[in-house]
Amino acid sequence: MPAASAAGPHVTLGVSSSKTRNWIILAAAVTASLAFLIAASVIYWHAIQDRHGIVHRGLSASAAASHILDREAEALGNILKGLSTSPLLKAEDLKPFHQQLRATPRPSGSRFVLWNQERLLLNSAFAYGAPLPPINVLPISEQRLQLLRRVGVVMSERIQAPLTGEWIVAVSLRLGSPDLGGERILTLAVPEAHLGKVVRDSAPPVGWTVFILDHKLQHVKWNDAELPLASQLHPQLAKALASGEHNGHFEVDGDGGTILVAFERSDNTGYIVLSTIPTALINEPLYLARRWIWYAGIILALAGIGSAALILRNIGSIDALKVSAVSTRAELVETNERLAAILTSVSDCYLTLDRTYRITDINAAAIRWFGLPRTDVIGHSYFDIVGHHPQFDAALKKALESETPFHGEFPSTYNPGKHIDYRVEPTRQGVSVFFRDVTEQYRARLSLMQEREFLQASLDALSVHVAVLDNAGTIISVNEAWHRFARENGYPGPSHGLGMNYLDVCARAGEYDLAARQIHTGLKAVTSGQRHDYRDVYRCDGPGEPRWFQMRATRFIAGELSRIIVTHEDITEVVAVKAEITALSGRLLTVQEEERERIAVELHDSTAQHLVAVSLNLMQVENFCLPPSGRRILDEIDRSLEEALKELRIFTYLLHPPRLETDGLVSTVQSFTEGFSKRTNLRTILRFDESADDLPVDLQRALFRIIQEGLTNVHRHAGASEVILNLRLTSDQVILFVADNGRGMRSRRGEPAVRQPTLGVGIPGMRIRLSQFGGSLQIRSGRRGTIIRATAPRFIPVVAALKA
């Protein structure tokens with residue numbers, strides 16, 4: 001127990017003497033006087049602080065607007081950097097690069113210009129190939145051009161466009177070098193009103209007006225407001241900038257009154273942001289303070305008289321108060337010692353400020369941070385040691401005045417280059433400030449933010465619609481092409497799907513659309529990890545005409561993070577070309593069918609009749625008296641004629657089959673194989689699904705021609721005695737087998753292993769017929785025979801070949 005507590009209170013109680021009454025009256029008078037002086041000081045001090053606060057708000061407004069202007073310049077530069085990596089630009093393919101420039105998102109009214117010091121190369125405001133005006137005035141001054149060659153990206157001063165006459169600001173990026181084919185510069189010309197809109201959105205404090213000056217101190221205008229007292233303001237501002245100051249404030253006198261000017265100059269762009277306010281508005285807190293001091297004096301005088309009278313009536317209780325004060329003092333000392341021990345052990349830096357911003361306490365971590373002795377910190381002004389920061393100064397003032405806690409991050413003014421996390425807690429005596437170094441975390445967040453902005457800018461430069469999904473299929477990011485497609489096709493909402501589950505969208509669409517159902521199945525396999533990627537083609541009718549898109553979904557993994565990239569590419573032109581090729585192939589096959597039929601008729605009606613006539617004449621020659629050798633020759637000729645007629649009948653039968661359209665595939669194949677077996681003595685086994693007659697006619701014709709071609713190859717090359725034809729249908733496929741028991745397919749010496757594909761001849765012809773329907777052909781051959789397996793979709797897709 002502390003000594004004060006152990007001793008206990010020792011106060012003699014009794015009746016108050018007249019001396020005590022005199023001391024009470026004197027104390028009341030002194031207290032009222034001191035209270036008046038303190039109140040007057042506090043009121044006037046608060047007025048001065050309010051005035052400082054108004055100035056700080058102006059500085060903060062200038063700093064905030066300058067920071068926003070830097071961010072906008074950086075964003076415009078990122079657009080140029082994204083375009084500079086375009087493969088079209090590197091390949092000198094300027095026409096599609098011009099289209100890419102016109103499709104790239106940019107501020108309203110701005111335009112891209114690609115130029116060198118001799119001429120304009122591209123201008124997004126003109127059509128490609130249109131005559132471009134000569135360069136009479138460079139988009140940036142010669143001084144900024146020299147700076148551009150050193151730093152790569154610069155923002156010009158306020159200049160007047162020679163064609164339109166409007167005032168613009170040009171952001172330029174240097175491309176290449178004279179050693180690599182000549183210096184070229186890509187410029188984004190932005191209307192000055194755009195910069196004004198960006199700064200206007202920073203919402204300056206009440207009473208302050210924000211202006212922008214370029215590095216030549218020209219007023220960048222976005223409204224009708226004129227820069228006040230410009231003739232006096234410009235010299236003072238130029239003097240301050242020449243002395244190396246990047247921010248500050250000064251007053252300018254004029255006929256209309258004095259104004260206060262707060263300025264902030266950006267190191268990145270060279271632009272200056274000014275915030276102006278009439279001095280009368282700044283001094284208004286002082287006028288109010290004088291009035292409140294008079295009110296406080298009257299109130300304190302009345303309060304002092306009343307309190308003295310009340311104490312004199314209750315003077316007996318004062319001795320009891322003394323006893324209580326003695327007993328509680330020891331407890332307060334012990335509590336303060338425990339609190340001091342706790343604060344010393346805290347790893348965060350800690351200090352306390354009174355209401356005049358003097359440091360009243362500090363822990364060991366803060367002493368190590370400042371690197372100063374404790375005696376050089378305690379009792380000194382916080383601002384004298386640390387310096388001023390507009391945002392943090394405003395937070396401190398708010399915590400003191402309105403007792404509002406604060407938590408935020410700011411650059412360190414004591415250790416430049418460091419970033420500090422501050423927590424301010426109001427107390428009865430002032431505020432407690434906890435702070436710690438979070439530089440590494442800040443740099444990591446800043447780097448991540450820059451990488452995200454660069455990635456988004458790169459995605460926005462693509463013409464393909466891109467969406468990034470998480471593991472569950474939720475859309476977490478889309479590019480500008482995605483937004484543009486959604487707007488053009490009337491999709492509601494500004495997010496255009498962000499935050500929605502893409503799998504759920506495809507599942508709902510799959511209730512009515514087979515293609516959407518297939519896409520949902522493929523995407524689900526990718527998101528679950530069953531597949532690495534998925535590709536499909538679907539139709540999406542746009543305004544006025546049908547359109548076709550190719551959808552690709554690819555899963556990538558970076559560490560423990562996995563994402564799915566979904567792209568939609570417009571392939572309407574490719575589908576149209578494929579349709580034309582398919583139609584042309586169909587017409588060629590039709591011509592081939594007609595030519596086969598004509599050849600078969602000619603051979604049957606003409607050539608076969610001539611051979612029959614020759615055979616009859618030979619029969620008459622046998623009646624002549626011929627020697628035995630002549631009769632042998634006639635017998636050989638007769639046998640050759642019989643073989644020729646047999647081969648000719650088989651060939652014409654293969655060229656001119658029964659009518660498929662009227663009889664159906666099953667009946668036609670059955671009739672054809674029966675005739676084929678009679679003419680070739682080749683046993684044919686037929687196993688056909690009766691529902692094959694319900695297939696599309698074009699697919700039936702292709703299957704029949706494959707059967708014809710297969711039987712022809714078996715007859716000519718296999719040396720087989722039996723062939724099996726098997727056609728079966730699954731829920732979504734048609735499968736045809738042609739199997740023989742011949743000697744198989746063996747390449748002879750000297751023959752090429754692979755032949756060039758031709759239309760309708762042999763195995764290449766089979767493949768071409770199947771490819772029209774998205775099908776395929778497989779051949780397996782060995783010593784026991786050959787098996788041909790042909791597959792095709794049962795329901796013919798329109799763009800089946802594109803998926804193959």
Side-chain angles (χ1 to χ4, degrees), residues 64-86 89 97-98 100-115 120-125 138-141 143-145 147-161 164 166-175 184-202 210 212-216 218 220-222 264-273 446 449-462 479-481 483-484:
S66 178
H67 180 68
I68 291 175
L69 192 61
D70 286 349
R71 290 288 301 274
E72 182 62 20
E74 183 180 1
L76 297 175
N78 286 338
I79 293 176
L80 297 177
K81 290 178 182 179
L83 290 171
S84 67
T85 61
S86 173
L89 181 61
F97 182 65
H98 179 269
Q100 184 179 3
L101 290 179
R102 301 187 76 171
T104 299
R106 58 191 182 275
S108 176
S110 60
R111 57 188 177 273
F112 290 102
V113 181
L114 182 64
W115 58 282
L120 293 179
L121 302 176
L122 291 176
N123 190 323
S124 62
L138 294 179
I140 58 176
S141 63
Q143 179 184 4
R144 303 300 285 181
L145 184 61
L147 179 62
L148 175 65
R149 290 170 179 159
R150 294 197 305 272
V151 301
V153 178
V154 299
M155 190 161 75
S156 74
E157 65 275 9
R158 176 179 182 257
I159 57 177
Q160 191 171 25
T164 62
E166 64 176 345
W167 289 92
I168 63 171
V169 174
V171 180
S172 300
L173 172 68
R174 177 173 175 264
L175 307 174
R184 295 178 301 172
I185 299 172
L186 181 61
T187 296
L188 177 58
V190 181
E192 64 176 354
H194 173 72
L195 299 183
K197 179 181 178 298
V198 171
V199 173
R200 184 175 66 247
D201 292 340
S202 64
V210 178
I212 304 176
L213 303 182
D214 62 12
H215 50 80
K216 290 187 177 180
Q218 299 179 98
V220 179
K221 298 182 179 180
W222 67 87
E264 179 82 18
R265 182 180 183 274
S266 170
D267 290 332
N268 297 331
T269 63
Y271 275 49
I272 301 103
V273 177
L446 184 61
M449 185 183 302
Q450 291 173 346
E451 291 295 333
R452 287 180 177 175
E453 291 177 353
F454 178 75
L455 176 60
Q456 187 63 42
S458 301
L459 292 178
D460 289 341
L462 299 175
N479 69 341
E480 181 58 28
H483 285 298
R484 187 166 55 250

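All values reported here derive from a predicted model rather than from experimental measurement.
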Point to revise | Full working for side chain to side chain contact (heavy atoms under 4.5 Å, CB included) between V153 and K81 | key: CA-CA 9 Å; V153 178; K81 290 178 182 179; 3.9 Å; yes
Practice item. Check I159 against S156 and note the closest heavy-atom contact, atom names and distance. Key: CD1-OG, 4.2 Å
Check your understanding: Sub-3.5 Å donor-acceptor pair from the side chain of E480 to the main-chain atoms of P105, do we have one?
Key -> no
Exercise for review: Given side chain to side chain contact (heavy atoms under 4.5 Å, CB included), test W167 with K221 step by step and report yes or no.
Suggested key: CA-CA 9 Å; W167 289 92; K221 298 182 179 180; over 6 Å; no
Check your understanding: Looking at CG of L80 and CG of N78, how far apart are the two atoms once the value is rounded to the nearest 0.5 Å?
Key -> 9.0 Å
Exercise for review: Go through the steps for S110 and H194 under the test side chain to side chain contact (heavy atoms under 4.5 Å, CB included), then give the verdict.
Suggested key: CA-CA 9 Å; S110 60; H194 173 72; over 6 Å; no
Point to revise | Check: R106 side chain, L101 main-chain N or O, donor-acceptor pair, under 3.5 Å | key: yes
Practice item. With side chain to side chain contact (heavy atoms under 4.5 Å, CB included) as the test, would you mind laying out the steps for L89 and L114 before giving the verdict? Key: CA-CA 10 Å; L89 181 61; L114 182 64; 4.2 Å; yes
Exercise for review: Starting at CZ of F112, measure out to OG1 of T187 and round the result to the nearest 0.5 Å.
Suggested key: 10.5 Å
Review point. Which heavy-atom pair separates A73 from M155 by the least distance, and what is that distance?
Key: CB-SD, 4.1 Å
Check your understanding: Is T269 reaching over with its side chain to a backbone N or O of S266, donor-acceptor style, under 3.5 angstrom?
Key -> no
Review point. Does the side chain of E264 come under 3.5 Å of the side chain of H67 through a donor N or O and an acceptor N or O?
Key: no
Review point. About how many Å separate CG of L186 and CZ of R174, when rounded to the nearest 0.5 Å?
Key: 13.5 Å
Point to revise | Nearest-0.5 Å distance that lies between atom CD1 in I185 and atom CH2 in W115 | key: 3.5 Å
Practice item. To the nearest 0.5 angstrom, please state how far the NZ atom of K216 sits from the CZ atom of R158. Key: 12.5 Å
Review point. Are any non-hydrogen side-chain atoms of V169 and D214 less than 4.5 angstrom apart?
Key: no
**Study point:** Inter-residue atom distance L188.CG - I168.CD1, 0.5 Å rounding
**Key:** 9.5 Å
Practice item. Identify the heavy atoms of Q100 and S86 that sit nearest to each other, and give their distance. Key: OE1-OG, 2.8 Å
Exercise for review: Measure across A125 and R111 and return the closest heavy-atom pair with its distance rounded to 0.1 Å.
Suggested key: CB-CD, 3.8 Å
